[in-house]
Structure formats: structure tokens, C-alpha cells
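Data block below; observations after.
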Amino acid sequence: MHNQSLVPAQLIVGPTAQTQSHVEMLLQKNFCAQAREGATGCFCTTCRKIKNRQHHGIVWISPEKDYSVDDVDIIFDRIRFALDPDQHFFFVLDNVSTLNAATANRLLKVLEEPPLGYHFILLTSNAETLLPTIVSRCLVTELGYGNSGTKDVRMHPLASYFFDARKRHDLLGFEVALKDQALNDTQSTELVHLMMAYLVSLLRTASGAGYERVVRAIQFLNDALKRPPQSGSADLFWKYLFLHFPELV
Ligand SMILES: [Zn+2]
């Protein structure tokens with residue numbers, strides 16, 4: 001199964017609350033079988049430890065001010081220990097936009113050749129100040145919309161059928177896009193999260209009846225994620241969403 005958390009390095013860009021809950025979800029899916037099955041609100045011991053930042057397989061680095069060399073050296077101290085072949089260890093680096101040239105270059109050393117089993121998740125609300133060499137080492141996920149230049153979920157080949165009024169009732173076209181995209185269960189859940197993030201961003205400017213419609217659409221997707229697609233059922237999940245998605249206009 002495609003497991004996004006297992007790439008060596010990734011950068012998650014978005015508003016702090018969203019990046020935090022996204023990284024928790026990725027970590028829960030890695031460490032907890034129930035969360036992997038789609039239990040988004042899992043409260044088992046493992047998931048609680050992840051949320052409380054007490055999990056033994058994760059180190060969170062959250063400097064109060066800018067990153068110092070000592071903050072980055074936490075990584076170098078830990079990776080001296082080789083992991084078993086099936087072990088995974090995660091570093092979560094908060095607010096990496098406060099890396100300066102020296103600390104970023106030190107971090108780059110480990111991102112360029114991450115030791116086996118070690119994973120790096122970098123979080124920021126602003127990717128524009130990051131060294132391009134760091135960004136290029138990472139799988140980049142952008143959450144939340146509204147900044148110019150960020151990827152727009154409305155342009156996604158499948159999501160566009162929910163947000164483009166001209167495509168809203170084109171079931172045939174939707175089915176073709178569904179086949180082309182061939183999303184698995186994990187990718188489907190992630191796309192729904194992105195669609196919700198986009199809808200939440202609409203609330204800032206929506207008012208009156210438009211506001212109500214957006215809220216209904218968010219609730220609809222949120223409810224859908226309580227029964228997320230299991231492996232092999234992503235097609236049915238998407239068809240259900242498309243047929244029952246509340247109208248936005
Ligand atoms: Zn759990």
C-alpha cells in the first residue's frame with residue numbers, strides 16, 4: 001500500500017493547525033493499525049502518545065525561536081544508532097522557515113543521504129524562505145489555499161468535478177477521470193482532506209446562504225471520512241461523494 005509517511009523526507013506547507021493535524025494523521029497511520037484502517041479519531045495508547053508527542057519512534061524538534069545548530073544536532077546524535085530493517089523513526093521539524101543558511105545546510109547533509117529507516121517531516125507555513133536545495137529534497141504537500149502561487153485543489157482532475165459548476169453533473173466525465181486517476185484508499189482520503197481545506201478557506205469570504213452551503217459541504221466530506229474507503233473500494237467511495245455532494249452554488 002502506498003504509505004506517504006515512509007518517504008525519506010517531506011515538507012508539509014500550510015497553516016500551523018492543519019500541518020499539525022496532517023502530520024499526526026501520517027504518524028498515526030504509520031504506527032497504529034486501526035488508524036491505518038481509517039479510524040480518523042483513534043484514541044488508542046499509541047495514537048495518544050503520538051498526539052502528546054511522547055511516542056518513542058518520533059522526535060519533535062520545535063525551537064522556541066530560530067533553529068540553532070544544537071537543534072539540528074539532535075538529529076545527528078540519534079542517527080548514529082542503526083535501525084532494524086523493519087524499524088522506522090521519524091523526526092518532525094516544526095517551523096523550518098526559521099532555519100538560517102548554516103542550520104539549513106547542516107540539515108541538508110542528512111536529507112541528502114538519510115540513513116535507512118529514518119524519516120524527516122518538515123513543517124512550515126511559508127515555504128518561500130526555505131533554501132531551494134532543501135525543498136528539492138522533499139516530497140512537498142501543500143495544505144490550505146489562499147496564498148498566490150500555491151497549488152489549487154480545484155484544478156485536480158477529480159476534485160474539479162466537485163468545484164467547477166460546468167462539470168458538476170457530468171457523471172460520465174467524472175467516471176473517466178476516476179479511472180484515469182486510479183486513486184487508492186490513502187490517496188483518496190488525502191484528496192478529501194485537501195478538498196475540505198479548500199472549502200474551509202472559502203468560509204473567510206462566504207456569507208449568508210453561500211456560507212451555509214459551504215458548511216454543509218464540509219460536513220458532508222467530514223462525515224464521509226468517518227467511513228473512508230477501504231482498499232479496493234475507492235471507486236465506490238468517490239461515486240457516492242460525487243452523487244451526494246451538496247451544491248455550492
Ligand atoms: Zn490508534
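We count ligands from 1, going down the list as the structure has it; atoms in each ligand are counted the same way.
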Quiz item: Does L183 belong to the same Ile/Leu/Val/Met/Phe/Trp/Tyr cluster as L236, with side-chain heavy atoms less than 4.5 Å apart forming each link?
Solution: no
Quiz prompt | Residues in side-chain hydrogen bond (donor to acceptor under 3.5 Å, both in side chains) contact with R216, at least two apart in sequence or another chain | solution = none
Quiz item: Does the side chain of D235 pick up a donor-acceptor pair with the side chain of S233 at under 3.5 Å?
Solution: no
Practice problem: Report the protein N/O/S neighbours of the Zn ion (ligand 1) that fall below 2.8 Å; do not count waters. | Solution: C32 SG, C42 SG, C44 SG, C47 SG
Hey, can you pull the donor-acceptor pairs under 3.5 Å for the side chains in residues 237-248, sequence neighbours left out?
residue: W238; atom: NE1; partner: S188; partner atom: OG; Å: 2.9
residue: H244; atom: ND1; partner: Y240; partner atom: O; Å: 3.0

Practice problem: Please determine, by modelled atom types, if K65 and T98 share a side-chain donor-acceptor pair under 3.5 angstrom. | Solution: no
Self-check item: Those residues that, when tested against T46, pass side-chain hydrogen bond (donor to acceptor under 3.5 Å, both in side chains) (two or more places apart)
Solution: none
